[in-house]
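See below for the structure under consideration.
Both ligands and their constituent atoms are indexed starting at 1 by order of listing. Position 1 is the first residue of the sequence; numbering continues from there.
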Amino acid sequence: MRIGITCYPTYGGSGIVATELGLELANRGHEVHFISYANPIRLDPDTPGIFYHEVEVSTYPLFQYPPYCLALASRMAEVAERHHLDLLHVHYAIPHSISALLAQEMITNRRLPFITTLHGTDITLVGTDRSYFPITKFSIERSDGVTTISEFMRKRTVDFFGIKEPIRVIHNFVNCSLYKPDEEARQRGPKRILHISNFRPVKRVTDCIRAFAIVRREVEAELVMAGDGPDRGPAEDLAYELGIDSHVRFLGKQDHIERLIPRMHALHLPSETEAFGLAALEAMACGVPPVATRAGGVPDLITHGVDGFMEEVGDVEGQAGRLAELLTDSALHRRMADAARNTALSRFCTDLIIPQYEAYYKEVCEASGTSNASVVSNFIAGT
Ligand code: GMT
């Protein structure tokens, strides 16, 4: 198949999932065209089967806000025509699905179906904002197919927007050959707790610092903060105020977290809400047990006490207790690390999830009446 993928190319789970999906699809013989304003991180455009088309957003004195949504729609239509795309798959509803809808309208000689994947704050924060509610609802209703990444998100979308159309849950996935344990690396150096995020308020990064201060009373550990965003400054200040700054390392944005994670002993994800928690899944694949909050779609992923822990949002004491347990009880750590890896392998590995996307693409093309012989045979041949 020929698939156009649009996502936010910056650091953030939805862009990462979109990029990894595109790479996996290309690996399975599909032709994948990324259409975005920048090359998505983690995407090597030189990969066979991968193409990258930049969206140029011209400025003009009259435009206080350059209309990216329109420039994206034009580019989508152009790429779809020139490269005979079978469908568009957009990640994060706003504004991508509206651009896809416009592109669909612009192509008059055939129907170009589009699928929207809802990732989290596009529904829980942006979608609930008064100014975006109606357009988010409209974009979901007008998509030819809608997927989301957890049962929580499906239910939340249906309940909040009153959506009647079916929404398919296709969980996030991890490449278990790339994300894997490295016992030797873990043994080297001190006990380490990792946090990875884009440091937005929803991630509650200062809870990592507070919990770590409690852990430090018991264990000579180090906290590794990977990523960047608006709450990095407040987190750095708090570490200094609590007198633990020399044990906290702020790494900034990381390109190869699959090399970083296996060196860690636990992952801390204290988010206010989390539609799925991709960072937790990547950690689990590396045999690093997560301590997360019982929020949103996290229970789709973690079985409390088996392959990780879930505590209440804001319960820094409770989270610190779990982190300390993992750092001090080696039998517990071993058991949970194995269970976490096993969960990743048995439920969320790419080999299990990518075929679900392929099957859904086929369904949507057939339902839109665009599934011609070549599309169907491409599916069968995986090309
Ligand atoms: O962080 C976000 O809210 C937006 C989104 C993103 O683009 O980074 O993250 C969401 O999508 C990830 C990938 O599907 C999920 O693993 C995250 O749980 C989800 N984040 C939130 O819901 C806060």
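Looking at V17 against ligand 1, only its side chain comes within 4.0 Å, counting heavy atoms. Both the backbone and the side chain of T121 come within 4.0 Å of ligand 1, judged by heavy-atom distances.
Electrostatic pairing of K362 and E366 counts as a salt bridge here, judged by a charged N lying under 4.0 Å from a carboxylate O. Ion pairing between a basic and an acidic side chain is recognised when a charged N comes within 4.0 Å of a carboxylate O; K203 and E274 show such pairing. A salt bridge links K137 to E141: one of the charged nitrogens lies within less than 4.0 Å of a carboxylate oxygen. Between E220 and K191, no side-chain nitrogen of the basic residue sits less than 4.0 Å from a carboxylate oxygen of the acidic one, so the salt-bridge criterion is not met.
Of all atoms in ligand 1, listed by their number and element, those nearer than 4.0 Å to a heavy atom of L278 are 16 (O). In the vicinity of T273, heavy-atom distances shorter than 4.0 Å reach the ligand 1 atoms 23 (C). Remark: ligand 1 atoms within the under-4.0 Å shell around heavy atoms of G120 are 22 (O). Listed by number with element, the atoms of ligand 1 under 4.0 Å from a non-hydrogen atom of G12 are 6 (C), 8 (O). Of all the atoms in ligand 1, the ones that sit under 4.0 Å from a non-hydrogen atom of I149 are 14 (O), 15 (C).
With distances taken over non-hydrogen atoms, the option nearest atom 12 (C) of ligand 1 out of A275, C7, G13, G297 is G13.
Considering backbone and side-chain N/O atoms, F276 comes within less than 3.5 Å of an N/O atom of ligand 1. Backbone and side-chain nitrogen or oxygen atoms of N172 are examined, and one is located within less than 3.5 angstrom of a nitrogen or oxygen of ligand 1. At under 3.5 Å, not a single nitrogen or oxygen of G15, backbone or side chain, sits near a nitrogen or oxygen of ligand 1.
The six-membered or imidazole ring of H96 lies near that of Y8, with a centre-to-centre distance under 6.0 Å. Taking the six-membered ring wherever Trp is involved, the centroid distance between the rings of Y179 and F348 does not fall below 6.0 Å.
Other residues, nucleotides and ligands contribute at most 12 non-hydrogen atoms within 6.0 Å of the CD atom of E56.
Residue contacts with ligand 1: S271 is excluded, as none of its non-hydrogen atoms falls under 4.0 Å. Ligand 1 has at least one atom lying under 4.0 Å from a heavy atom of R200.
Ring-plane geometry between Y68 and Y37 is classed as perpendicular, the angle between the planes exceeding 60 degrees on a 0 to 90 degree scale with a lower cut at 30.
Applying the salt bridge (Lys or Arg N to Asp or Glu O under 4.0 Å) test to R111 and every residue at least two apart in sequence or in another chain returns D144.
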